[in-house]
There are 2 protein chains.
Amino acid sequence: MTQHPTGNTPERILDHAERLFALKGFEAVSIREITGAAGSNLAAVNYHFGSKMNLYMEVFRDRWISRTRRIRENFDRLLADKPEPAISTVIDAMARSFLDGPLNDEQLRHHVLLMQGELAQPSTALKMIVEEVMQPYQQQLSDLIRPSLPPGISEEKLRLCILSIFGITLYFTFARAAISMVMERDYDALFKTEVIQHITKFSLNGINTLTEEN
Amino acid sequence: MTQHPTGNTPERILDHAERLFALKGFEAVSIREITGAAGSNLAAVNYHFGSKMNLYMEVFRDRWISRTRRIRENFDRLLADKPEPAISTVIDAMARSFLDGPLNDEQLRHHVLLMQGELAQPSTALKMIVEEVMQPYQQQLSDLIRPSLPPGISEEKLRLCILSIFGITLYFTFARAAISMVMERDYDALFKTEVIQHITKFSLNGINTLTEEN
DNA sequence: GTCTATAGCAGGATAGAC
DNA sequence: GTCTATCCTGCTATAGAC
């Protein structure tokens, strides 16, 4: 028996499937690689999940969605005692809950890579991501920010700003290797804190576009 | 003979390889699919390019790099008669040369998807992308913007801003399907012009972070 | 629930005729 | 330079013993 210390077989398979799908993409990962890493038998994926594609979907359903839930809860907690928060407070909570929130470095990286993979090459999981995560969160952010804006700002313009903040955040996470090369420094803890500060300030100014125009 | 109207065999293979690698990723595309689309024989890829991986690299060397050259030339032309352009002029030229420049919609989409794929899952091509494109362009942008900044702004902070503009631009191109769903509208020509305007304004404000601080 | 064994197929690559 | 035919490897998925 090659039982590993933590978790039963399906859990261990999900762990390694999440990591490998994130780092290499769906097609580039084989069932052999996943079960090998999980220390389980080759047939385990098909027994427990039915197919490779079902396993991939289960990674999103079971792991990815619950991670976003933890991030959202952290976000809500940061704004819990502020009924009408300033825009800067909202952006700060957004960035902090995501980049410096409940997920550790590796989890965040895998989380973003999985999402980014779906955004670039959509499969069945995209619908889930958009409907269960992106749309509700967009709506919440829009509702939080709008009271601080002058009247008449179009919903579309506000949403483009919110999407942009996600875009930057994603980019600084999934393009880590290239950014490290361009910046000519390691993507270490210190750099990460600088990136977080940058994203917050840059985005806050960016969203102020809305209050300036007209 | 299944000779197609335009180009000889290697050219046609490069055409379809670029499109398919961009849309589906390296691993998800088979040589059979590429040669089938190009109307050439299965053995043609290995005869003309040696291997699938060499073909992928050649897509970057022959197509991707030359597309970036056209974008850079367009960028330079937009700033040709301005020896010390304002920051807003630089950003505008950046966004315009990229999003509304020499590449048509489909070319731009494939261009960005190829790049984004390498950034997320680096292969041998990343080094080429960073050294031949990202680093020189970063340097040029930094040199163009710096004269308009108060003294003492760190090179690092400026570079983070420039990277962020790329990040947003990439995001709005590669995540097209998801953005279309979140915005609840088609990603048509009208929407694209709105996105370009948004990116320009958002980024300009974002980069003004640098002049405000301290 | 876990294992071995294998079916059945698709993939990259190559040899050799033309 | 293009074609067919084929090799061989690796893949997903499943059947069936334990």
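- Rounded to whole angstrom, the span from the CG atom of B:N46 across to the P atom of D:dT2 amounts to 14 Å.
- Between D:dT2 and B:S40, no contact under 4.0 Å exists linking OP1 or OP2 to a side-chain N or O.
- We find that CG of B:N54 is positioned 11 Å from P of C:dT14, with the value rounded to whole Å.
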**OP:** May I have the step-by-step check of side chain to side chain donor-acceptor pair (under 3.5 Å) for A:R70 and A:Q107, ending in yes or no?
**Re:** CA-CA 12 Å; A:R70 290 172 59 200; A:Q107 289 170 335; 4.6 Å; no
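- Counting heavy-atom neighbours within 6.0 Å of B:R96 CZ, excluding the residue itself, gives a total of 12 or less.
- Between A:D186 and A:R176, none of the side-chain N atoms (NZ, or NE/NH1/NH2) sits under 4.0 Å from a carboxylate O, so this pair counts as no salt bridge.
- Protein atom CD1 of A:I34 is 11 Å distant from nucleotide atom P of D:dC11, rounded to whole Å.
- Remark: A:K192 is not positioned above the aromatic ring of A:Y187, lacking an NZ or CZ atom under 6.0 angstrom from the ring centre and at most 45 degrees off the axis.
- To the nearest angstrom, P of C:dC9 lies 20 Å from CD of B:E33.
- Side-chain nitrogen and oxygen atoms of A:S30 include at least one within less than 4.0 Å of the OP1 or OP2 phosphate oxygen of D:dC11.
- The nucleotide whose nearest atom lies closest to any side-chain atom of B:Y47 is, among D:dG1, D:dA5, D:dT14, D:dG1.
- Atoms CG (B:L42) and P (D:dC7) sit 15 Å apart, rounded to a whole Å.
- In this structure, the nucleotide among D:dA5, D:dA13, C:dC3 sitting nearest to the side chain of A:N41 is C:dC3.
- Atom CD1 in B:I31 sits roughly 17 Å away from atom P in D:dT9 (whole-Å rounding).
- The separation between B:R32 atom CZ and C:dC9 atom P is 14 Å, rounded to whole Å.
- Nucleic acid contact class of B:A43 (heavy atoms, under 4.0 Å, all strands): base.
- Distance CD1 (B:I13) to P (D:dT2): 8 Å, rounded to an integer number of Å.
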